[in-house]
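Every heavy atom of this structure was used, including side-chain atoms; hydrogens, water molecules and symmetry mates were not. Keep in mind it's a predicted model, so treat the numbers as computed, not measured. Numbers here simply count residues along the sequence, with the first being 1.
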Amino acid sequence: STDISNWQKAYSCYADVLRALSKEGKTFGLYELDEWFQKSLPLNLKSRPEPCLTREELLKLMQWKLTRGKFRPRLTELVQQNSSDEVESISKSAIAALPNLENAIKTLTQLKAVGPATASAILCAAAPHVAPFMADEAVLAVPDLGKLDYSLKQYLKYAQKIREKAAELNALQDRPDEDQWSAHKVEISLWAFHYCNKLKLVPNLTEGSSHSDEHAPPSRKRARHVSP
């Protein structure tokens, strides 16, 4: 869809979704964790002469990721095996490799328990315009990616499509001084719309918009077949 208002409505639903999920068992406390990921962590990274992640931040990022998505206890155990020196050195090299996402992801996956999805979260905090987080719900909303397999190849294709949609939305802004659409903002909108539907918090999107276009928030009938 080229109706930017649909995207804005989906994005505006994000905070409501977080609050609703934070009241549930598995996702209890998600709102506070997400505030840290979206605001505090990026500032921490920017404040360092050479942006890098600390071990404590990696552990908290993993907690955020597993609370927001599928919980995998084994990852919580494995990620703790990384030393502070390893985390800081490897994350510094990965962030420095941006905007080359392929090299950055390959570098980060040297860390234990860090695959492309977790690596994308680290890079998203450092460069949200370049690296969208590999959220299951967002990936599944993008057509032509195949079965979700968390591979580097799939992530790179997903990230490219998300960035293309961000560029398209920015071109549709009424005013150049409006908040810009980053890859991360597009990804957040897809994730939020999925849960708006699931939690019956669906924003009033335009039902008449074209769903054959790429990069469109879905109508309720097409919720599983969105392209970002």
>> Closer than 3.5 angstrom, by distance alone: can the side chain of K39 be matched with the main-chain N or O of D34 as a donor-acceptor pair?
In response: no
> Got a donor-acceptor contact below 3.5 angstrom from the N82 side chain to the K112 backbone?
Replying inline: yes
> Is F37 atom CZ crowded by more than 12 heavy atoms from other residues, nucleotides or ligands, each under 6.0 Å away?
Replying inline: yes
>> To check you understand the geometry: which heavy-atom pair defines the closest contact between A183 and A166, and what is its length?
In response: N-CB, 4.0 Å
> Side chain of R163, backbone of V130: donor and acceptor closer than 3.5 Å?
Replying inline: yes
> Out of curiosity, S189 OG to H184 NE2, how far, rounded to the nearest 0.5 Å?
Replying inline: 10.0 Å
> Is the shortest heavy-atom distance from the side chain of L58 to the side chain of I122 under 4.5 Å?
Replying inline: yes
>> Just to verify, which of W191, Y195, F193 counts as forming a ring-ring contact (aromatic ring centres under 6.0 Å, His included) with Y14?
In response: W191
> Can K23 be said to sit on top of F28's aromatic six-ring, NZ or CZ under 6.0 Å from centre and within 45° of the ring axis?
Replying inline: no
>> Tell me if a side-chain donor or acceptor on S89 pairs with a main-chain N or O of E86 at a distance below 3.5 Å.
In response: no
>> If you compare all heavy atoms of I90 against all heavy atoms of L108, which two are closest, and at what distance to 0.1 Å?
In response: CG2-CA, 3.9 Å
> Would you call Y11 and L190 a side-chain contact if the rule is heavy atoms closer than 4.5 Å?
Replying inline: no
> Between E164 and K161, does a salt bridge (charged side-chain N to carboxylate O under 4.0 Å, His left out) hold up when you go through it step by step?
Replying inline: CA-CA 5 Å; E164 287 172 357; K161 286 179 174 286; 5.8 Å; no
>> Using every non-hydrogen atom in the two residues, find where P128 and A125 come nearest and quote the distance to one decimal.
In response: CD-O, 4.4 Å
>> Evaluate L45 against C52 for side chain to side chain contact (heavy atoms under 4.5 Å, CB included), listing each step before the verdict.
In response: CA-CA 6 Å; L45 294 175; C52 67; 5.8 Å; no
> Is it true that F71 and L61 fall in one hydrophobic cluster, defined by side-chain heavy atoms closer than 4.5 Å?
Replying inline: yes
>> Distance check, rounded to the nearest 0.5 Å: C124 atom SG versus M134 atom CE?
In response: 13.0 Å
> Just by modelled atom types, is the E102 backbone N or O under 3.5 Å from a matching donor or acceptor in the Y155 side chain?
Replying inline: no
> Hey, are R48 and E57 close enough for a salt bridge, meaning a charged N less than 4.0 Å from a carboxylate O?
Replying inline: yes
> Would you call E168-K165 a salt bridge at under 4.0 Å N-O?
Replying inline: yes
>> Rounded to the nearest 0.5 Å, what separates atom CG in N103 from atom OG in S93?
In response: 11.0 Å
> When rounded to the nearest 0.5 angstrom, what distance separates CZ in R68 from CG in L21?
Replying inline: 9.5 Å
>> Any non-hydrogen side-chain atom of P132 less than 4.5 Å from a side-chain atom of V186?
In response: no
> Are L41 and L53 close enough that some pair of their side-chain heavy atoms sits under 4.5 Å apart?
Replying inline: yes
> What pair of heavy atoms forms the shortest contact from L101 to L98, and how long is it?
Replying inline: CD2-CD2, 3.9 Å
> Which pair of non-hydrogen atoms, one from A104 and one from L123, has the smallest distance, and what is that distance?
Replying inline: CB-CD1, 3.7 Å
>> Is it the case that the side chain of Q154 and the backbone of L145 share a donor-acceptor pair, with hydrogens and angles ignored and the cut-off at 3.5 Å?
In response: yes
>> Which heavy atom of A20 sits nearest to which heavy atom of L201, and what is that distance?
In response: CB-CD1, 4.1 Å
> Just how far is it from atom CE of M62 to atom CG of L78, taken to the nearest 0.5 Å?
Replying inline: 8.5 Å
> Any sub-3.5 Å donor-acceptor pair from Q173's side-chain atoms to D179's backbone N or O?
Replying inline: yes
> Is a side-chain donor or acceptor of S84 paired with a backbone partner of R55 at a separation under 3.5 angstrom?
Replying inline: no
>> Please report the interatomic distance CG(D136) to NZ(K70), rounded to the nearest 0.5 Å.
In response: 5.0 Å
>> Are there over 12 heavy-atom neighbours, none belonging to Y150, within less than 6.0 Å of that residue's OH?
In response: yes
> Is there a donor-acceptor pair closer than 3.5 Å between any side-chain N or O of Q38 and the backbone N or O of E35?
Replying inline: no
> Does a donor on one side chain and an acceptor on the other come within less than 3.5 Å for D3 and S5?
Replying inline: yes
>> Using the rule given for side chain to side chain contact (heavy atoms under 4.5 Å, CB included), can you reason through R19 versus D16, listing the C-alpha separation, both sets of side-chain angles and the distance that settles it, and then say yes or no?
In response: CA-CA 5 Å; R19 290 189 184 95; D16 290 337; 3.6 Å; yes
>> For W64 and F133: C-alpha separation, side-chain torsions, deciding distance, then whether ring pair (Phe, Tyr, Trp, His ring centres under 6.0 Å) applies.
In response: CA-CA 12 Å; W64 167 81; F133 172 52; 5.0 Å; yes
